[in-house]
Amino acid sequence: MDRLKIIGGNKLNGEIAISGAKNSALKLMAACLLTGEPLTLTNMPNLADTRFLSQLLATLGVEVYWPKGDNECRLNAAELTSTIAPYEQVRKMRASFNVLGPMLARYGHATVSLPGGCAIGARPVDLHLKALEAMGADLLVEGGYVKAAAIHGLKGARISFPFVTVGATEHAMLAATLAKGTTVLENAAREPEMVDLADCLNKMGAKISGAGTDTITIEGVAQLNGATHAVMADRIEAGTYAMAAAAAGGDVTLTGAPVAALGAMISALKESGVTVDSNEAAATLRIQRNGSALKAVSVTTQPHPGFPTDLQAQFMALMSVADGTSIIRENIFENRFMHAPELSRLGADIQVRGKEAVVQGVPKLKGAPVMATDLRASVSLVIAGLAAEGETEVNRIYHLDRGFERLEDKLTGCGADIRRLNDSEE
Ligand code: UD1
């Protein structure tokens with residue numbers, strides 16, 4: 001199993017190019033199932049998760065053309081050979097569940113295993129299923145699988161989500177494109193990825209309006225066509241490197257950054273005393289901290305445009321070395337503080353009390369061996385390792401490879417001392 005060895009203390013200086021967004025790419029890939037024509041996605045991030053979904057799509061009969069290392073991927077679902085997504089594949093990544101709605105909408109039937117995914121709470125899919133049922137699907141949950149049928153096709157419906165869910169909003173949006181009549185999604189997620197998905201689907205011939213607001217309207221169409229779409233830039237990757245630069249100190253410019261999508265993160269960084277220069281037109285975000293102390297800032301995770309839960313662990317790493325006490329409240333997932341005890345191994349002072357973590361900043365972290373527990377938690381350990389004195393070894397980094405493209409290259413390019421080791425290396 002690979003691990004990362006980090007010698008902390010180097011300041012970060014230089015440029016980091018932001019990759020395409022994992023979370024957006026996964027839903028855009030599922031959109032290929034809605035049409036018999038090719039969908040070409042550019043700015044695709046080469047990640048374990050996106051590669052993994054391409055394998056699942058291939059199992060279903062999608063022709064996948066995506067050379068190794070390439071950022072362009074062509075998906076052609078002209079003829080599916082199966083509408084069954086097996087447990088062995090879906091359990092490894094929760095977002096694979098989103099193949100259900102598109103297959104159901106196009107073929108009138110689909111069987112998809114219930115998902116697994118990150119260990120950050122129960123993460124049920126009840127609201128995905130309720131949305132599909134509201135559109136007329138007959139569902140049977142049996143033996144760990146959802147068997148769905150809509151013999152006469154899906155129909156438009158008014159769906160009001162009891163709370164904001166990214167995955168169910170996207171799933172309903174995908175399925176509703178081919179439903180008969182109009183679907184209205186109320187209390188919809190407003191994450192930038194909704195806009196990216198709606199843009200792509202509209203290029204494919206869908207009629208979606210309101211994406212990015214809490215009410216999304218989808219007028220169903222009889223069929224969709226192929227399209228070419230560039231995956232939006234990854235706001236979580238951008239936020240992660242911004243915090244790495246803030247924690248280690250230095251002067252880093254993020255290029256191709258989705259500046260408008262990062263408002264809450266930028267405000268929190270500025271409040272903590274970091275210099276942030278953003279240029280939306282040029283898609284750049286410059287982060288500078290040279291010698292100045294960090295101030296403790298409290299944040300609460302919220303659906304967009306609030307502070308994203310996917311940046312909570314990274315912000316906790318940063319606050320570990322701030323002056324004062326920061327309270328970090330996690331409102332989206334119930335079990336998302338697994339990084340706290342690992343950060344404590346580096347000398348951080350963190351007390352978890354239910355939904356809140358109380359972080360008492362310390363002047364210095366000290367390197368130690370730590371273990372990655374989920375995707376965003378693992379990168380928080382990298383950030384802490386970069387800021388710590390001495391050597392940090394991050395184990396189980398397969399979590400990192402799920403969501404960060406060429407992480408070591410991007411960081412070493414800015415002067416970090418970080419190396420990937422496998423079992424045989426010391
Ligand atoms: C997506 C993101 C993830 C991010 C999260 C919140 C992807 C691949 N993942 O996850 O990185 O952290 O949004 O921004 O895009 N819930 C239910 N029933 C459901 C669906 C969700 O109870 O049917 C709950 C979840 O357990 C969670 C909350 O709703 O507590 C929000 O989850 P959701 O927004 O759906 O997250 P994901 O789509 O899984």
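Atoms within a ligand are numbered from 1 in the order they appear, just like the ligands themselves.
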- prompt: Should you measure from each heavy atom of Arg94, which atoms of ligand 1 turn up under 4.0 Å away?
  reply: 39 (O)

field: Ligand-residue contact atoms, ligand 1 with Arg336, heavy atoms, under 4.0 Å
entry: 12 (O)

For atom 27 (C) of ligand 1, the option (of Phe97, Phe333, Phe161, Phe163) bearing the nearest heavy atom: Phe333

message: So for atom CD, which belongs to Gln223, do other residues, nucleotides or ligands contribute more than 12 heavy atoms lying within a distance under 6.0 Å?
response: no

- prompt: Among His128, Lys22, Glu193, Lys27, which one has a heavy atom closest to atom 15 (O) of ligand 1?
  reply: Lys27

- prompt: Counting both backbone and side chain atoms, is some N or O of Glu170 under 3.5 Å from an N or O of ligand 1?
  reply: no

- prompt: Considering distance alone, does some N or O of Asn23 sit under 3.5 Å from an N or O of ligand 1?
  reply: yes

task: Might you point out which heavy atoms bring Lys27 and Ala95 nearest each other, and give the distance in Å?
output: CE-CB, 4.2 Å

- prompt: Relative to atom 11 (O) of ligand 1, which among Asp310, Leu311, Asp126, Val125 owns the nearest non-hydrogen atom?
  reply: Asp310

query: Is it the side chain, the backbone, both or neither of Thr309 that has a heavy atom closer than 4.0 Å to ligand 1?
result: side chain

- prompt: With only distance considered, is Arg376 within less than 3.5 Å of ligand 1 through an N or O on each side?
  reply: no

message: Pairs of nitrogen or oxygen atoms closer than 3.5 Å, one from Leu127 and one from ligand 1: do any exist?
response: yes

task: Could you see which bit of Leu129 sits under 4.0 Å from ligand 1, with heavy atoms only: side chain, backbone, both or neither?
output: neither

field: Residues Arg190 and Asp214 bridged, charged N to O under 4.0 Å
entry: no

- prompt: Is the closest basic N to carboxylate O distance between Glu193 and Arg235 below 4.0 Å?
  reply: yes

message: Is there a polar contact, in the sense of an N or O pair closer than 3.5 Å, between Ala95 and ligand 1?
response: no

message: Gly167 versus ligand 1: do any nitrogen or oxygen atoms come within less than 3.5 Å of each other?
response: yes

task: Tell me, please, which residues at least two apart from Ala175 pass side chain to side chain contact (heavy atoms under 4.5 Å, CB included).
output: Leu132, Met135, Leu154

- prompt: Listed by chain and number, what are the ring pair (Phe, Tyr, Trp, His ring centres under 6.0 Å) partners of Tyr241, not counting sequence neighbours?
  reply: none

task: Answer yes or no: is there an ion pair linking Glu271 with Lys295, defined by an N-O contact shorter than 4.0 Å?
output: no

message: Which heavy atom of Ser278 sits nearest to which heavy atom of Leu285, and what is that distance?
response: CB-CD1, 3.4 Å

query: Mind checking whether His171 has a heavy atom under 4.0 Å from ligand 1?
result: no

- prompt: Where do Thr309 and Thr301 come nearest, in terms of heavy atoms and distance?
  reply: CA-CG2, 3.7 Å

